[in-house]
Amino acid sequence: MRSWSALLQIEPEVREALENKQAVVALESTIISHGMPYPDNVETALLVERTVREHGAVPATLAIAAGRLQVGLPAHRLEELGKAGPRVIKCSRRDIPFVLTRGELGATTVAATMILADLAGIRLFATGGIGGVHRGAELSMDISADLQELARTDVAVVSAGAKAILDLELTREYLETMGVPVIGFGADEWPAFYTRHSGLSVDYRYDQPAALAKALHVKWSTPLPGGVLIANPIPEEEEMEYAPVREAIEKALAEAAKKGIRGKEVTPFLLARIVELTGGDSLRANVALVRHNARLAAQLAVEYAALRPG
Ligand code: PSU
Ligand code: MN
């Protein structure tokens with residue numbers, strides 16, 4: 001046991017699964033506190049955990065609470081986090097030791113969730129969309145720490161692409177520069193979160209979880225550290241129409257600029273405004289795609305677990 005492992009508070013069910021080399025899927029908590037309104041956020045979090053179970057894996061929602069790195073969140077904590085919403089501290093890599101030692105409640109972004117998952121030995125992680133290069137980043141330099149984390153931490157992130165509020169083309173270039181493999185699951189094109197198409201390509205396409213799990217296993221059995229971005233397009237029947245999405249995004253971006261919203265507030269502000277501007281349609285799409293990603297991550301975790309020596 002390394003000394004930092006005392007900082008991990010692993011729920012008994014998750015601990016047992018990890019010890020027995022069974023399938024576990026990590027889930028993030030910023031999507032709960034900052035990504036969706038209450039009570040939809042808590043309902044979605046529970047639904048996503050159930051989806052993971054239905055596909056043969058154990059869910060572990062990650063967060064920081066009471067001075068520990070929480071691997072698996074008990075129901076009361078999930079409710080607390082969802083109810084407090086944006087009052088909870090949004091934690092990325094830089095925040096972890098500070099929120100931890102202050103004993104505060106922290107929601108983990110994709111970057112921080114990858115770090116916690118890696119410390120706990122969880123390799124598969126499902127979310128909605130990753131952070132990326134913001135529009136106008138050539139001046140603002142607003143580039144999510146999620147991208148750096150994908151380059152350095154050994155976790156595969158299943159997402160429906162990067163959020164359409166970003167500059168998808170620059171985000172794609174950045175991933176390439178950082179050496180992050182972008183895999184299309186059942187897709188040749190990198191999806192755009194609420195919609196299936198972006199016009200941008202993926203590096204490799206897979207159609208079977210077992211084959212993809214095998215590639216992940218090879219990656220991490222060789223000196224090739226770093227993450228993998230698995231793009232899983234929103235199901236066709238849940239996809240939004242492009243025009244209203246684009247309109248809502250442009251309006252929300254203009255409002256954010258006018259209000260001078262900066263730094264870590266940008267993404268939560270845009271997501272919340274888009275939910276309002278689309279009359280809740282974007283929230284429905286968001287819930288559907290997160291569940292879809294949880295299902296794929298569970299299938300991958302099951303296949304991955306089968307490859308590891310017991
Ligand atoms: N995608 C969503 N909902 C979210 C986020 C992404 O659909 O809530 C969150 C994730 O936690 C992601 C973070 O890591 O936004 C990125 O924030 P920033 O752009 O400040 O790095
Ligand atoms: Mn940012």
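Both ligands and their constituent atoms are indexed starting at 1 by order of listing. These values consider heavy atoms only, across backbone and side chains, with no hydrogens, waters or symmetry-generated copies.
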Hey, does Asp146 come in under 3.5 Å of ligand 1, counting only N/O atoms on both sides?
-> yes

Please say whether Ala145 places an N or O atom under 3.5 Å from an N or O atom belonging to ligand 1.
-> no

If you draw a sphere of radius 2.8 Å around the Mn ion (ligand 2), how many protein N/O/S atoms end up strictly inside it?
-> 1

Cut-off 3.5 Å, side chains only: do Tyr174 and Gln148 have a donor facing an acceptor?
-> yes

Minimum side-chain heavy-atom gap [X]-[Y] below 4.5 Å:
| X | Y | result |
| --- | --- | --- |
| Leu150 | Val110 | no |
| Thr127 | Thr113 | no |
| Val58 | Gln22 | no |

When you look at Glu276 and Arg273, which way does the salt bridge (charged side-chain N to carboxylate O under 4.0 Å, His left out) test go after all the steps?
-> CA-CA 5 Å; Glu276 287 168 6; Arg273 272 307 278 149; 2.4 Å; yes

Donor-acceptor contact below 3.5 Å, side chain Lys251 vs main chain Leu277 =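 It does not hold such a pair.
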
Side chain of Asn232, backbone of Ser159: donor and acceptor closer than 3.5 Å?
->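 Answer holds: no.
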
For ligand 1, indicate whether the residue Lys163 contacts it via side chain, backbone, both or neither (heavy-atom separation under 4.0 Å).
-> side chain

Heavy atom under 4.0 Å from ligand 1: found in Val110's side chain, backbone, both, or neither?
-> both

Which atoms of ligand 1 sit under 4.0 Å from any heavy atom of [X]?
| X | answer |
| --- | --- |
| Phe193 | 7 (O) |
| His134 | 19 (O) |
| Gly35 | 8 (O) |

Residue selection (non-hydrogen contact nearest atom 4 (C) of ligand 1) among Leu271, Thr109, Thr30, Val157 |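 Ranked by closest heavy atom to atom 4 (C) of ligand 1, first place is Leu271.
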
Protein residue, atom and distance nearest to [atom], heavy-atom basis:
| atom | result |
| --- | --- |
| atom 6 (C) of ligand 1 | Gly129 O, 3.0 Å |
| atom 11 (O) of ligand 1 | Glu28 OE1, 2.6 Å |
| atom 21 (O) of ligand 1 | Ser144 OG, 2.7 Å |
| atom 15 (O) of ligand 1 | Thr267 CG2, 3.5 Å |

Does a side-chain N-to-carboxylate-O contact under 4.0 Å join [X] and [Y]?
| X | Y | value |
| --- | --- | --- |
| Glu80 | Arg77 | yes |
| Asp203 | Arg172 | yes |
| Lys259 | Glu265 | no |

Set of residues satisfying side-chain hydrogen bond (donor to acceptor under 3.5 Å, both in side chains) with respect to Asp188, sequence neighbours excluded = Arg205

Among the heavy atoms of Lys90, does any lie under 4.0 Å from an atom of ligand 1?
->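 Judged by the 4.0 Å heavy-atom criterion, Lys90 does count as contacting ligand 1.
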
What do the steps show when you test Val157 against Glu149 for side chain to side chain contact (heavy atoms under 4.5 Å, CB included), and what is the final call?
-> CA-CA 11 Å; Val157 181; Glu149 208 59 55; over 6 Å; no

